[in-house]
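Worksheet for the structure shown next.
Every chain is numbered from 1, with letters handed out A, B, ... down the list of sequences. Atom set for the values below is all heavy atoms of this structure, side chains included, hydrogens, waters and symmetry mates excluded.
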Amino acid sequence: MQQKPNQFIKLRQEKLEKIKALGIDPYPVESSRSHFISALMENKEALLASETSVTIVGRLVAMRRQGKLGFGNLEDASGKIQLYVAQNLLGEENYELFKLCDPGDFIQANGSVFYTQAGEFSLKCTAIKLLSKNIRPLPAVKEKMVDGKTVRYDEFSDIELRYRKRYLDLLLNPDHRKVFELRSRIITAIRRFMDNLGYVEVETPILQPLYGGANARPFITHHNTLDMDLYLRIATELYLKRLIVGGFERVYELGKDFRNEGMDRTHNPEFTMIEFYEAYSDLRGMMDIAESLIKHLAKDVIGKEIFHYHGHEVNLGGTWRRAAMTDLVNEYTGIKVDNSSQEDLEAFCKAKQIEIPKGSGKGKLIALLFEHFVEPKLVQPTFVCDFPKEISPLAKAKPGNPLLADRFELFIAGGEFANAFSELNDPMDQRERLEAQAALRALGDEEANVVDEDFLEALEYGMPPMGGQGIGIDRLVMLLTENDSIKEVILFPQMKNS
RNA sequence: GCAUCUUUAGCUCAGCUGGUAGAGCAACUGACUCUUAAUCAGUGGGUCCGGGGUUCGAAUCCCCGAAGAUGUACCA
């Protein structure tokens, strides 16, 4: 038989025609199910004793036909069971249909459970119905139990294909499906945790006339009817603060932010973040929430405290260190930051070949030293406090030290997991800080904040003292599911056209 | 952005210093009423990522390009 490049599809389409010739609709509307497959597997003896007749549905994932008898494995979202299909039980016509079925087809099977001679718990089929015909063969992945462990053969493992054809990855690699089930449970648990603290979940605009709340380059789009450019949000901060002005006391938003920047194993251009703001709280309150939330997710959702991540062993269970940025810089570089002049720090950076952006003050230099010499070393959870105010335009100054912000970032395994401040609510101070950012922007810093007049006006009407925090969900899921690439925890990661 | 590596059948891969492209699984045909990585017999299937070059001859060597991975830079 001559076979062309799309040989597989052609052959299956021929089968499809044969099925139609039997008067069977290969894509019927109706299906029914009396039991999930897991319900059969969990109640074997009772179903066996009662000889209950059941109807199950799912995808046929393997077939072993031998003349007038055959076996198949049927899989639904809950589990997998072997089908025993014999001509003398189905009748000739129905068995003819079975012979035209392929792995990948969706079918409905009626029958009752029993043990085969080989001792496998199976469904003895009395009828099968085709629910959806597969016309493109699935990549063949076979598995076998060896000493109680599942050994897999010819795994669908090409990383690029797994990301581009995620549906195949999910279908063929149950471990990867599990990661996304866990992601869902983690997000549900986060929402429940915040709800229990009395927070209200809100939704603010993704399309924004001005962007703010973080230092990042935005995606720009255009609204035709309004004939105006809009930005995809880089953060939810400024809108959530407006809600606190509006009388809400505890709000959170869990959703996507978009940043038009580099991509690597911890950055995807669209990513998921939770931000929350609590009136009459402050940095200390935010620290307590971060620690108790993440410990709760580890212990109660995942069920452990030790995680392997980016080559490190991280213990989320212990007491989390709290340290000032300047002390950490001193600890790892030996520099006494408080006693150093801006010139001293610039000289040190130059000696270490660290590029200094235009307009950098002493605070920025301290932050640069921190990033280069401290950040990668912070393996166990560490709250880094006392950020320079200069690089924290939306944070209140630390009481008693006008050069520092009342801010922390949480670092785990050398990466940032949370960022929180006692939020700045002095409208005059906020205006000055945003104008300082605008000056940096004029010097070429494309990631500096822009001045948002409406936000400033909202502050002028009065905003209570409060704590606010952002936690990157993707990285948290990476840590908790022990995946080193963000693409492993995002269902459809950004890829170039191939 | 830069560096290194990868790209061969539907999937997973082999293919040595250049000599007519291979395996397993999947697919197709046939046999088979207790298989389960079913088995047995047979068959078909390739833009060797794309383009150019060197050579009598290129999957293999060289150049350009694409995609992906890793590292690095940027992302305070």
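Here the P atom of nucleotide B:C32 and the CD atom of A:Gln66 are 11 Å apart, to the nearest Å. When rounded to the nearest whole Å, the span between CZ of A:Phe71 and P of B:C32 equals 16 Å. The separation between A:Gln87 atom CD and B:C34 atom C1' is 16 Å, rounded to whole Å. Rounded to an integer number of Å, the gap from A:Arg265 CZ to B:A73 C1' is 14 Å. For the pair A:Lys496 NZ and B:G1 C1', the interatomic distance rounds to 11 Å; values are reported in whole Å. For A:Lys487 and B:A69, the NZ to C1' distance is 9 Å, given to the nearest whole Å. Look at CD1 on A:Ile356: it is 12 Å from P on B:C74, rounded to the nearest Å. As rounded to whole Å, 13 Å separates atom P of B:C28 from atom CD1 of A:Ile9.
Comparing the same atom, P, in B:C61 and in B:G19 gives a spacing of 11 Å after rounding to whole Å. One P atom belongs to B:U47, the other to B:U8, and the distance between them is 12 Å to the nearest Å. To the nearest whole angstrom, the two P atoms, one in B:A14 and one in B:U6, are 11 Å apart. Comparing the C1' positions of B:A26 and B:U20 gives an interatomic distance of 27 Å, to the nearest angstrom. For the P atom pair drawn from B:G18 and B:G1, the interatomic distance equals 34 Å after rounding to whole Å. When the C1' atom is compared between B:A59 and B:C13, the two are found 15 Å apart, to the nearest whole Å. With both ends at atom C1', the span from B:A9 to B:C64 equals 28 Å, rounded to whole Å. Using P as the reference atom, B:C2 and B:G65 are 9 Å apart when rounded to the nearest Å.
Scanning atom types as modelled, no donor and acceptor separated by under 3.5 angstrom connect the side chain of A:Ser157 and the base of B:U12. For B:C11, the base has no donor-acceptor partner in the side chain of A:Asp158 [N/O atoms by modelled type, under 3.5 angstrom].
Of the listed nucleotides (B:A76, B:U35, B:U33), B:A76 has the atom at the smallest distance from the side chain of A:Asn215. Picking from B:C28, B:C75, B:U35 the nucleotide with the shortest atom distance to the side chain of A:Gln82 gives B:U35. Comparing B:G68, B:C75, B:C11 by their closest approach to the side chain of A:His267 singles out B:C75. Checking B:C25, B:A76, B:U33 against the side-chain heavy atoms of A:Lys142 singles out B:C25 as nearest. Nearest to the side chain of A:Leu11, among B:U70, B:C28, B:C34, sits B:C28.
Using a 30° and 60° split on the angle between ring planes, A:Phe383 and A:Trp320 fall in the tilted class, from 30° to 60°.
Under the 4.0 Å criterion applied to side-chain N and carboxylate O atoms, A:Glu331 and A:Lys377 are not assigned as salt-bridge partners. A salt bridge is defined here as a Lys NZ or Arg NE, NH1 or NH2 lying under 4.0 Å from an Asp or Glu carboxylate O, and A:Arg183 with A:Asp474 meets this definition. Using a 4.0 Å cut-off between a side-chain N of Lys or Arg and a carboxylate O of Asp or Glu, A:Lys10 and A:Glu14 do not qualify as a salt bridge. For the pair A:Arg166 and A:Asp169, the salt-bridge criterion is met [side-chain N within less than 4.0 Å of a carboxylate O]. A salt bridge is absent between A:Glu390 and A:Lys364: the closest approach of a Lys/Arg side-chain nitrogen to an acidic carboxylate oxygen does not fall below 4.0 angstrom. Here A:Asp484 does not pair with A:Arg265 in a salt bridge; the nearest charged N to carboxylate O distance is not below 4.0 Å. Residues A:Arg177 and A:Glu75 are paired through a salt bridge, judged by an N-O separation under 4.0 Å between the basic side chain and the carboxylate.
Taking a pair to require two hydrogen-bonding distances under 3.5 Å in either a Watson-Crick or a G-U wobble arrangement, B:G1 pairs with B:U72. Nucleotide B:U39: paired with B:A31 (Watson-Crick or G-U wobble, both distances less than 3.5 Å). With both pairing distances under 3.5 Å, B:U54 is matched to nothing as a Watson-Crick or G-U wobble pair. B:A67: Watson-Crick or G-U partner is B:U6, with both key distances under 3.5 Å. Using Watson-Crick or G-U wobble geometry with both donor-acceptor distances under 3.5 Å, B:U20 finds no partner in any strand shown.
A:Tyr163 comes within 4.0 angstrom of the backbone, heavy atoms only, and of no base. Note on A:Asp445: nothing from the nucleic acid sits closer than 4.0 angstrom, heavy atoms only. In this structure, A:Arg407 reaches the bases: a heavy-atom distance under 4.0 Å links it to at least one base atom across the strands shown. Using a 4.0 Å heavy-atom cutoff across all strands shown, A:Arg65 reaches at least one base atom of the nucleic acid. Within the 4.0 angstrom heavy-atom criterion, no nucleotide atom of any strand lies near A:Asn73. Heavy atoms of A:Lys15 sit under 4.0 angstrom from primed sugar atoms or phosphate atoms, though from no base atom. Across all strands, A:Gln117 comes closer than 4.0 Å to base atoms (heavy-atom distances). Counting non-hydrogen atoms under 4.0 angstrom, A:Glu447 reaches the backbone sugars and phosphates but no base. At the heavy-atom level, A:Leu161 lies under 4.0 Å from the strands shown only through sugar-phosphate atoms.
Judged by closest nucleotide on RNA chain B, A:Lys124 is the one of A:Asp484 and A:Lys124 placed further toward the 5' end. If you find the closest nucleotide of RNA chain B to A:Arg259 and to A:Tyr115, the one lying nearer the 5' end belongs to A:Tyr115.
Separation of the A:Phe219 and A:Tyr231 ring centroids does not fall under the 6.0 Å cut-off.
The side chain of A:Arg162 places no N or O atom within less than 4.0 Å of a non-bridging phosphate oxygen (OP1 or OP2) of B:G68. Residue A:Lys68 has no polar side-chain atom (N or O) positioned under 4.0 Å from OP1 or OP2 of B:C32.
With values rounded to the nearest 0.5 angstrom, A:Phe373 atom CZ is found 7.5 Å from A:Thr333 atom OG1.
For A:Lys15, the NZ atom is densely surrounded, since the number of other residues' heavy atoms within 6.0 Å is greater than 12.
Taking every heavy atom of residues 362-374 of chain A and every atom of RNA chain B, pairs under 4.0 Å involve A:Lys364, A:Glu371, by number.
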